[in-house]
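To start, the structure itself, in structure tokens.
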2 protein chains.
Amino acid sequence: MSTDQLSSTSYLVLGLLAREGPCTPYDLKRHVAATLGHFWSFPHALLYAEPTRLASIGLATETQEERGRRRRVFTITDAGSHALRAWLERPNREPTELRDPGLLQIFFSDMGPSQTQWTIAREQLAVHRAKLAAYMKDEVLGSGTGSAFGQRTLEQWLSHGLRMAVMYERSAVAFWEDVTVDAVAEEASAAGGVPEDYGKLIA
Amino acid sequence: MSTDQLSSTSYLVLGLLAREGPCTPYDLKRHVAATLGHFWSFPHALLYAEPTRLASIGLATETQEERGRRRRVFTITDAGSHALRAWLERPNREPTELRDPGLLQIFFSDMGPSQTQWTIAREQLAVHRAKLAAYMKDEVLGSGTGSAFGQRTLEQWLSHGLRMAVMYERSAVAFWEDVTVDAVAEEASAAGGVPEDYGKLIA
DNA sequence: GGGTACATGTAATCAGTTACATGATTTA
DNA sequence: TAAATCATGTAACTGATTACATGTACCC
């Protein structure tokens, strides 16, 4: 029953089954969408396939409803819990993957026409500002920006997960603001003018 | 000659061929390793496969050496340049993928023994500090931390690409410091004591 | 000249993604 | 009761990752 070679997806599912109790794939989907899914996409098909795989190696069990939707409900087994804990205690040095298509574009923006950098930066700035605003509306984030002492509720842990994402978005906004300003300055010095909506940038 | 449905990998290769001129897959590999590869992994097998694919749809051409290593050299075609420029001008709203295994662990740390949070945070703090230090040693980053005006050299663009990564690592360090402090406080209040190497944390 | 690191490539596997397809529940 | 949306699942595909395999250049 090799618990080796489990993927991040495996631990995601194991973790959710451990914390939330028995779940249908749809339950998993919703939990993920509300938390990690904001910055680490797990297409729903994955969350239907992965529990099946876990069941096949004994880390979960599967039961199916007789009537109605005939949903499949998955439950973590002792072996599953054990695998999860073992993973939690194992130091993890896999590097963060930061896959940002906007960054890829700006990286090659010198291969395009002169206003390319400016166009990309403006777009990305909008994207990241919107995302940051969306995070801020999620009430789950509201309170504990300072260090929270004492016992931690589930909600606090969820917000804990998102805190990093918020920090990333803040960095991203700052970064794209910088790039935008640079691009404007460059355009100005090259063409002797300033884009019309320059004022909007600083707002 | 549908230039549709090209992946990030495709544009990475097109962009490098456009900027660097004809390249072997190994050339691509080295360029990537020195830049984007720091935070977005592209296994070398990809960089051997992708140019072939591009050649098959007319966005690059392939020539092979007669003698010696019989390397394959790829050159971007006009169609390839066109596809690249079209992509640069197309607004891109695909979200950033932030796949951080450490974050996944901390997200589920309440499923492990009590010191789990502390252990994970310490590990991740070390990882991200090391990465940040490594970035700082790369001379390519040294100078222009402020906004750089005037014309931009290739080196500046490279550093531009990495600047975001540096900001991310800074955020990560701050985040994991926070988590570490939280964990220490929690352990202390729960067990009435403080881990021995607490002092090292603040250093 | 033997070892080591660099360089080049392919093949097989596997995970992630897209697309398809349909049933169940709610709401107008 | 029809439409819309929520929910459930599978199949096919494609791209990413791992593993294998080998050759070349350099260094001791």
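Residue numbers start from 1 in every chain, and the chains themselves are labelled A, B, ... in the order their sequence lines are given, proteins ahead of strands.
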Nearest-nucleotide comparison on DNA chain C, the residue closer to the 5′ end among His44(A) and Glu50(A): Glu50(A)
Lys29(B) NZ - dT17(D) P separation (whole Å): 15 Å
Arg72(A) vs dT10(D): side-chain N/O to OP1/OP2 distance below 4.0 Å: yes
Separation of dG16(C) P from Leu6(A) CG (nearest whole Å): 12 Å
Check ion pair Arg99(B)-Glu94(A) (N to O, under 4.0 angstrom): no
Chi angles and distances behind the side-chain contact (heavy atoms from CB on, under 4.5 Å) call for Phe107(A), Arg19(B): CA-CA 11 Å; Phe107(A) 185 65; Arg19(B) 182 189 285 148; 3.7 Å; yes
Under-4.0 Å side-chain N/O to phosphate OP1/OP2 contact, Thr9(B) with dA16(D): yes
Under 4.0 angstrom between Arg53(A) side-chain N/O and dA15(C) OP1 or OP2: yes
Pairwise 5' ranking along DNA chain C for Ser7(A) and Ala49(B), keeping only the more 5' one: Ala49(B)
From dT18(D), dG9(C), dT10(D), nucleotide with atom closest to Ala45(B) side chain: dT18(D)
Length of the line joining Gln5(A):CD and dT13(C):P, which is rounded to integer Å: 16 Å
Side chains of Asp100(A) and Tyr168(A), donor plus acceptor under 3.5 Å: yes
Whole angstrom value for the distance that separates P of dT14(D) from CG of Leu46(B): 16 Å
Closest to side chain of Tyr48(A), choosing from dT17(C), dG9(D), dT17(D): dG9(D)
Atom-to-atom span, OH of Tyr11(B) to C1' of dG15(D) - whole angstrom: 16 Å
Atom-to-atom span, CD of Glu97(B) to P of dG15(D) - whole angstrom: 17 Å
Side chain of Thr24(B) (C-beta onward), nearest among dT8(D), dT8(C), dT17(D): dT8(C)
Distance-only donor-acceptor check, side chains Ser10(A) and Glu50(A), under 3.5 Å: yes
side-chain contact (heavy atoms from CB on, under 4.5 Å) between Phe39(B) and Glu169(B), intermediate numbers included: CA-CA 10 Å; Phe39(B) 54 90; Glu169(B) 290 301 335; over 6 Å; no
Distance in angstrom units between Glu62(B) CD and dG9(C) C1', rounded: 12 Å
Length of the CZ-C1' vector between Phe42(A) and dA15(C), whole Å: 12 Å
